[in-house]
A.B. asks: 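This is the structure I have questions about; it appears just below.
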Amino acid sequence: LFKQLLMVGGIERYYQIARCFRDEDLRADRQPEFTQVDIEMSFVEQDDVLQMMEDVMREVLHEAGVDVPMPLRRLTYAEAMERYGSDRPDTRFGLELADVSDVFGASEFKVFAGALAAGGAIKALNAKGAGDWSRGRIDALNQAAIDAGAKGLAWVAFTGTGEVKSPVSKFFTDDEMAALKATLAVEPGDLVCMVADTRPLANEVLGALRLRLADELELPREGHELLWVVDFPMFKFDDEEKRWAANHHPFTRPFDEHVDMLESDPGAVLSYAYDLVMDGFEIGGGTLRMHDPDTQKRVLRVIGLSDEEASTQFGFLLEALSFGAPPHGGIALGLDRLVMLLSGASSIRDVIAFPKTSSGG
């Protein structure tokens with residue numbers, strides 16, 4: 001918000017190497033204290049921000065001995081989730097997700113039929129080379145799927161000898177089995193994993209299994225691959241609070257052609273939000289910001305803030321925008337995470353001089 005005030009005040013270009021503090025769980029790629037390269041610019045559209053960042057990354061990576069073809073590939077959020085089950089996909093190996101809902105459109109298997117009747121989907125991936133795994137290893141995959149939120153994992157093992165092993169294949173017709181094999185290019189030695197649920201959950205569960213399987217199958221992940229994920233949803237529905245919440249933050253600019261749907265269909269509104277992904281990690285992210293105070297007020301209403309509450313919490317921003325703000329947007333790059341990836345370190349702790357402990361000390 002302070003960056004936006006700079007843009008309103010006529011400071012058209014801003015960058016800062018900023019120390020950041022966030023109350024987050026420690027992971028291999030996260031620390032509560034880290035460094036960002038923070039950038040904001042006036043009079044830009046999304047392509048301007050992405051092009052600027054690609055120019056920066058080309059030079060930085062070249063200095064580190066890494067040359068990546070530019071311009072970078074762009075995946076929409078919807079495509080990333082459908083194909084990889086993640087909004088920060090590692091695309092250096094296969095194992096892409098497939099939609100097999102049509103294969104089982106008339107299935108008598110109650111789990112599949114129930115998911116489709118409820119408006120869900122049946123998603124699958126083909127783990128080549130895992131068809132001869134022991135039942136114990138496959139059961140571990142099933143537990144991983146349950147831990148990720150699924151009711152269970154439907155699997156079919158096509159062994160190297162041509163035998164089919166599965167607790168669910170007895171519910172499939174010959175035509176369904178043939179269509180499944182054709183859709184996933186199944187060969188002897190393959191293991192097909194399927195999840196039937198809401199489409200978002202099925203994608204996320206298989207996205208998590210995809211990474212686990214890549215590790216267990218020791219799939220090659222050589223070199224570095226960068227890409228953009230764009231066109232994120234503007235809102236997500238909070239099931240606990242039964243209301244819409246901002247997907248990134250409530251100051252992200254919605255697609256111009258979607259503004260009329262803010263109140264009538266919030267779930268369909270896309271936004272000018274973009275993440276820079278490297279080797280399966282988000283190394284940067286940003287948005288275009290709203291520069292129209294009326295649209296900003298409407299978005300705050302969608303997430304449940306009354307005009308009075310919006311004025312109390314964000315009146316300084318709304319007032320600033322009312323003076324006439326330029327179109328503006330930016331991006332923040334995670335410096336420590338980038339150094340971790342370029343150095344080949346396995347943890348962000350290895351590239352921070354004084355990393356925090358699990359207690360934050």
Side-chain angles (χ1 to χ4, degrees), residues 1-18 20 35-61 68 70-77 226-235 246-262 269-278 282-303 310-311 313-335 338:
L1 298 185
F2 292 157
K3 291 187 298 182
Q4 289 191 258
L5 297 185
L6 289 178
M7 300 302 109
V8 174
I11 300 175
E12 297 178 7
R13 298 181 182 182
Y14 151 99
Y15 80 91
Q16 180 179 198
I17 300 174
C20 300
T35 304
Q36 274 189 350
V37 180
D38 203 19
I39 302 167
E40 196 85 5
M41 300 172 287
S42 287
F43 301 105
V44 292
E45 295 297 337
Q46 180 170 288
D47 284 346
D48 300 314
V49 180
L50 270 54
Q51 179 62 60
M52 177 277 302
M53 201 66 219
E54 288 183 9
D55 291 342
V56 170
M57 292 303 298
R58 179 189 291 110
E59 186 169 340
V60 168
L61 293 174
V68 175
M70 300 281 183
L72 298 179
R73 180 160 63 116
R74 299 184 188 184
L75 287 176
T76 66
Y77 170 85
L226 284 82
L227 57 89
W228 291 105
V229 177
V230 299
D231 301 356
F232 281 80
M234 181 77 180
F235 304 102
N247 194 35
H248 269 68
H249 54 66
F251 314 103
T252 304
R253 180 174 149 197
F255 275 15
D256 298 337
E257 61 270 30
H258 289 181
V259 170
D260 289 342
M261 299 190 297
L262 283 172
V269 177
L270 300 181
S271 64
Y272 295 108
Y274 33 83
D275 283 351
L276 180 59
V277 177
M278 179 175 179
E282 177 198 333
I283 61 169
T287 69
L288 297 186
R289 305 297 185 102
M290 273 173 283
H291 55 278
D292 170 36
D294 291 334
T295 304
Q296 181 65 81
K297 290 176 184 177
R298 289 172 63 186
V299 168
L300 294 175
R301 290 188 200 114
V302 171
I303 65 172
S311 179
Q313 296 183 39
F314 305 112
F316 64 95
L317 174 67
L318 296 171
E319 182 180 5
L321 295 179
S322 70
F323 289 114
H328 56 281
I331 190 168
L333 182 74
L335 187 60
L338 175 61

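Side chains included, hydrogens not; waters and symmetry mates left out as well; all remaining heavy atoms used. The shown structure was predicted, so the numbers you read here are calculated from the model rather than taken from an experiment.
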A.B. asks: Less than 4.5 Å apart, side chain to side chain, heavy atoms only: is that true for Met278 and Val68?
C.D. replies: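 Not touching, per the 4.5 Å side-chain cut-off.
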A.B. asks: How many angstroms lie between atom CD1 of Ile11 and atom CG of Leu5, to the nearest 0.5 angstrom?
C.D. replies: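 Between atom CD1 of Ile11 and atom CG of Leu5 there are 10.0 Å.
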A.B. asks: Given the rule in the side-chain contact (heavy atoms from CB on, under 4.5 Å) test, do Asp275 and Phe232 qualify, once you have shown the distances and angles that lead to the verdict?
C.D. replies: CA-CA 9 Å; Asp275 283 351; Phe232 281 80; 3.4 Å; yes
A.B. asks: Is there side-chain contact between Leu226 and Ile283, with heavy atoms separated by less than 4.5 Å?
C.D. replies: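 Sidechains of Ile283 and Leu226: in contact.
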A.B. asks: Quick check: closest heavy atoms across Tyr272 and Glu257, and the distance to 0.1 Å?
C.D. replies: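 That would be OH-OE1, 4.2 Å.
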A.B. asks: I need the Glu319 CD to Phe314 CZ distance, nearest 0.5 Å.
C.D. replies: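 Reported to 0.5 Å precision, the distance equals 15.5 Å.
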A.B. asks: Just to verify, what does Arg73 make a salt bridge (charged side-chain N to carboxylate O under 4.0 Å, His left out) with, not counting sequence neighbours?
C.D. replies: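 Here the qualifying residues are Glu225.
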A.B. asks: Let's go through Met57 and Leu333 carefully: what are the C-alpha distance in whole Å and the side-chain angles of both, what is the deciding distance for side-chain contact (heavy atoms from CB on, under 4.5 Å) to 0.1 Å, and is it a yes or a no?
C.D. replies: CA-CA 10 Å; Met57 292 303 298; Leu333 182 74; 4.3 Å; yes
A.B. asks: Would you check, one step at a time, whether the test side-chain contact (heavy atoms from CB on, under 4.5 Å) holds for Val269 with Val259?
C.D. replies: CA-CA 8 Å; Val269 177; Val259 170; over 6 Å; no
A.B. asks: I need the minimum non-hydrogen distance between Val8 and Ala325, along with the two atoms involved.
C.D. replies: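 Distance-wise, the nearest heavy atoms are CG2-CB, 3.7 Å.
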A.B. asks: Can a side-chain donor-acceptor contact be found between His328 and Glu40 if the only test is distance below 3.5 angstrom?
C.D. replies: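 Result is no, nothing qualifies.
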A.B. asks: Under the salt bridge (charged side-chain N to carboxylate O under 4.0 Å, His left out) test, which residues partner Lys297, sequence neighbours left out?
C.D. replies: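 Salt bridge (charged side-chain N to carboxylate O under 4.0 Å, His left out) check on Lys297 returns nothing, list empty.
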A.B. asks: Restricting to non-hydrogen atoms, name the atom on Ala332 and the atom on Asp38 that form the minimum distance, rounded to 0.1 Å.
C.D. replies: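 Minimum heavy-atom separation between Ala332 and Asp38: CB-OD1, 3.6 Å.
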A.B. asks: In Å, rounded to the nearest 0.5 Å, how long is the span from CE of Met7 to OH of Tyr14?
C.D. replies: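 Here the rounded value is 8.5 Å.
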A.B. asks: What's the separation between atom CE in Met290 and atom OG in Ser271, rounded to the nearest 0.5 Å?
C.D. replies: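 That separation rounds to 9.5 Å.
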A.B. asks: With Asp231, which residues qualify under salt bridge (charged side-chain N to carboxylate O under 4.0 Å, His left out), at least two apart?
C.D. replies: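 Listed in chain order: nothing, the list is empty.
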A.B. asks: Pair Asp292, Arg298 - check salt bridge (Lys or Arg N to Asp or Glu O under 4.0 Å), show working.
C.D. replies: CA-CA 10 Å; Asp292 170 36; Arg298 289 172 63 186; over 6 Å; no
A.B. asks: Would the distance check show the side chain of Gln4 and the main-chain N or O of Leu317 forming a donor-acceptor pair, the cut-off being under 3.5 Å?
C.D. replies: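 Here the side-chain-to-backbone pair does not exist.
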A.B. asks: Using every non-hydrogen atom in the two residues, find where Leu288 and Tyr274 come nearest and quote the distance to one decimal.
C.D. replies: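 Leu288 and Tyr274 have their closest heavy atoms at N-OH, 3.6 Å.
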A.B. asks: Evaluate the side-chain proximity of Glu282 to Leu276: yes if any heavy-atom separation is below 4.5 Å, no if none is.
C.D. replies: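 Contact flag for Leu276/Glu282 side chains = no.
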A.B. asks: Return a table of donor-acceptor pairs under 3.5 angstrom between the side chains of residues 246-255 and protein atoms on other chains or two or more places apart.
C.D. replies:
unit_1, atom_1, unit_2, atom_2, d
Asn247, ND2, Pro233, O, 3.1
His249, ND1, Phe251, N, 3.2
His249, ND1, Thr252, N, 3.4
His249, ND1, Thr252, OG1, 3.3
His249, NE2, Thr287, OG1, 3.4
Thr252, OG1, His249, O, 3.1
Arg253, NE, Asp256, OD1, 3.4
Arg253, NH1, Glu45, OE1, 3.4
Arg253, NH2, Glu45, OE1, 3.4
Arg253, NH2, Asp256, OD1, 3.3
Arg253, NH2, Asp256, OD2, 3.2

A.B. asks: Is the shortest heavy-atom distance from the side chain of Leu270 to the side chain of Tyr77 under 4.5 Å?
C.D. replies: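 They are not in contact (no side-chain heavy atoms under 4.5 Å apart), so the answer is no.
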A.B. asks: Does a side-chain heavy-atom distance below 4.5 Å link Glu54 with Trp228?
C.D. replies: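 Of all side-chain heavy-atom pairs linking Trp228 with Glu54, at least one is under 4.5 Å.
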A.B. asks: Measuring from atom CD of Gln16 to atom CG of Leu6, what distance do you get when rounded to the nearest 0.5 angstrom?
C.D. replies: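 Spacing of CD (Gln16) from CG (Leu6) equals 9.5 Å.
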A.B. asks: So Gln46 and Val49, do their side chains get closer than 4.5 Å, heavy atoms only?
C.D. replies: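 They are not in contact (no side-chain heavy atoms under 4.5 Å apart), so the answer is no.
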A.B. asks: Run the side-chain contact (heavy atoms from CB on, under 4.5 Å) check on Asp55 and Gln51 step by step: do they pass?
C.D. replies: CA-CA 6 Å; Asp55 291 342; Gln51 179 62 60; 3.0 Å; yes
A.B. asks: For Leu300 and Ala310, work out which heavy atoms get closest and say how close.
C.D. replies: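 Smallest interatomic distance, heavy atoms only, reads CD1-CB, 3.7 Å.
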A.B. asks: Heavy atoms only: give me the nearest Ile39-Lys3 pair and the separation to one decimal.
C.D. replies: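 Taking Ile39 first and Lys3 second, the nearest heavy atoms are O-NZ, 4.2 Å.
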A.B. asks: Checking Ser42 now: which residues fulfil side-chain hydrogen bond (donor to acceptor under 3.5 Å, both in side chains) with it, not counting sequence neighbours?
C.D. replies: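 Result, side-chain hydrogen bond (donor to acceptor under 3.5 Å, both in side chains) vs Ser42: none returned.
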A.B. asks: For Gln296, what residues pass the side-chain hydrogen bond (donor to acceptor under 3.5 Å, both in side chains) criterion, not counting sequence neighbours?
C.D. replies: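 side-chain hydrogen bond (donor to acceptor under 3.5 Å, both in side chains) list for Gln296, sorted by chain: empty.
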A.B. asks: Measure the CG-CZ distance between Leu262 and Arg301 for me, rounded to the nearest 0.5 Å.
C.D. replies: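 That separation rounds to 10.5 Å.
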